[in-house]
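Please read the structure below before turning to the comments.
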Protein chains: 2
Amino acid sequence: MDPVIPSTPAVKPAQALELWRRTIVEGVRRDQPDLSTRQMAILLIVYTQPAPHTVRGLSGDLNISKPAVTRALDRLGQLDFVRRKVDEDDRRSVLVQRTLKGSVFLADYAGLILANMTMLPEHNGSAS
Amino acid sequence: MDPVIPSTPAVKPAQALELWRRTIVEGVRRDQPDLSTRQMAILLIVYTQPAPHTVRGLSGDLNISKPAVTRALDRLGQLDFVRRKVDEDDRRSVLVQRTLKGSVFLADYAGLILANMTMLPEHNGSAS
DNA sequence: TTAATTCATTACGCTATCGAACCGTTTTAG
DNA sequence: CTAAAACGGTTCGATAGCGTAATGAATTAA
């Protein structure tokens with residue numbers, strides 16, 4: 001059996017890891033801010049998911065403790081990648097806001113990913 | 001000018017970040033070993049690049065100090081994701097070797113990436 | 001055989017992050 | 001108005017990571 005259906009395997013595991021390796025290694029080599037996985041996760045959530053973002057919400061999203069989120073925000077704030085702002089509607093809450101510097105960093109990072117994606121099937125730089 | 005060439009934008013920056021976010025967040029949520037970027041970089045190099053891998057070589061590849069590599073290998077060895085073996089041809093050198101557990105971890109990780117890739121254009125699960 | 005080189009690790013002082021528990025403020029319930 | 005709950009931050013002791021410099025072992029050069 002197993003009729004010969006010319007399937008397009010799209011992307012194979014080895015290629016997925018290759019994409020990851022190229023991107024991460026390039027980031028390390030460029031001496032980018034050495035963000036932990038958690039910090040990067042928070043940064044990505046804040047910039048790609050609709051606002052508002054609170055400490056409690058992020059803590060739940062990532063299934064990590066609130067102090068861990070607070071510390072990650074300290075670090076990201078230090079880098080000026082996010083800013084904190086008290087929610088005026090509920091002054092107990094803190095809203096995590098985006099910054100220009102954070103946007104630039106992630107835009108660069110996206111560029112890094114895209115550059116390494118061009119060597120994947122169906123993605124060989126076919127944009128105009 | 002700028003004739004209307006119907007270009008296939010392939011993947012846009014926002015989609016690249018979306019892929020990254022989904023994958024990283026899922027990893028954090030699953031309580032995967034919280035590897036640093038450097039540790040992940042070393043793991044990926046060891047498993048996707050041809051052997052042999054030495055401390056000195058990895059240090060050069062990533063442009064980081066040798067002690068940093070040694071410490072990363074300590075952590076990865078602790079997790080049994082890699083193993084050290086003295087090079088018998090030059091007993092000063094240490095060869096970094098792969099393990100079954102490391103292979104499984106990266107295979108899972110690749111699966112995570114691929115799953116999130118299916119929502120990218122031209123990659124919508126078109127494998128047979 | 002001695003000296004210099006190379007490779008990896010360890011020592012050191014420092015900073016960052018961890019989870020658990022506690023604190024202060026604000027909001028909501030009674 | 002008081003009591004309870006919710007939210008974020010801080011403190012605590014502990015662990016892990018950093019870069020620089022020193023150490024130990026193996027190799028190469030003289």
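Chain identifiers are assigned alphabetically (A, B, ...) following the order of the sequence lines, protein sequences preceding nucleic acid strands; residue numbering begins at 1 within each chain. Here the structure is a predicted model, which means the values were calculated and not measured.
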### Query
Rounded to whole angstroms, how far apart are NZ on B:K66 and P on C:dA11?
17 Å
### Query
How about B:T99 and B:Y47: do any of their side-chain heavy atoms sit closer than 4.5 Å?
yes
### Task
Grab the two heavy atoms, one from A:V28 and one from B:A41, that are nearest each other, plus how far apart they are.
CG2-CB, 4.2 Å
Pairwise N/O distances under 3.5 Å, protein to nucleotides 10-17 of chain D:
unit_1: D:dG17; atom_1: OP1; unit_2: B:Q39; atom_2: NE2; d: 2.8

#### Entry: Ion pair B:E26/B:R29, N-O distance below 4.0 Å
no
#### Entry: Lys/Arg N to Asp/Glu carboxylate O, A:D108 vs A:R30, below 4.0 Å
no
### Task
Please examine the side chains of A:Q49 and B:R21, heavy atoms only from C-beta on, and report whether any two atoms are closer than 4.5 Å.
yes
## Note on the structure
Rounded to whole Å, CD of B:E88 lies from C1' of C:dA8 at a distance of 15 Å
### Query
In whole angstroms, how far is the P atom of C:dG19 from the CD1 atom of A:I64?
8 Å
### Query
If you check the B:R84 side chain, which of C:dT9, C:dC18, C:dT27 turns out closest?
C:dT9
### Query
Does a side-chain heavy-atom distance below 4.5 Å link B:L106 with B:L44?
yes
### Task
Could you check how far CG of A:L79 sits from C1' of C:dA16, rounded to whole Å?
13 Å
### Task
Round to a whole Å and report the spacing from CG of A:D90 to P of D:dG8.
8 Å
### Message
Looking only at the side chain of B:R91 (C-beta and beyond, no hydrogens), which of the listed nucleotides C:dT9, D:dA26, C:dC7 gets closest?
### Response
D:dA26
### Task
To the nearest Å, give me how far apart CG (B:L58) and P (C:dC7) are.
13 Å
### Query
Between C:dG19 and A:S65, is there an OP1 or OP2 to side-chain N/O distance shorter than 4.0 Å?
yes
### Task
Report which part of the nucleic acid B:A72 touches: base, sugar-phosphate, or nothing (heavy-atom distance under 4.0 Å, all strands).
nothing
### Query
D:dT23 C1' sits how many Å from B:R92 CZ, rounded?
16 Å
### Query
Taking all non-hydrogen atoms of both residues, which atom of A:L73 and which atom of A:V55 are closest, and how far apart?
CD1-CG2, 3.9 Å
### Interatomic distance, B:R56 CZ vs C:dA8 C1' [rounded to whole Å]
11 Å
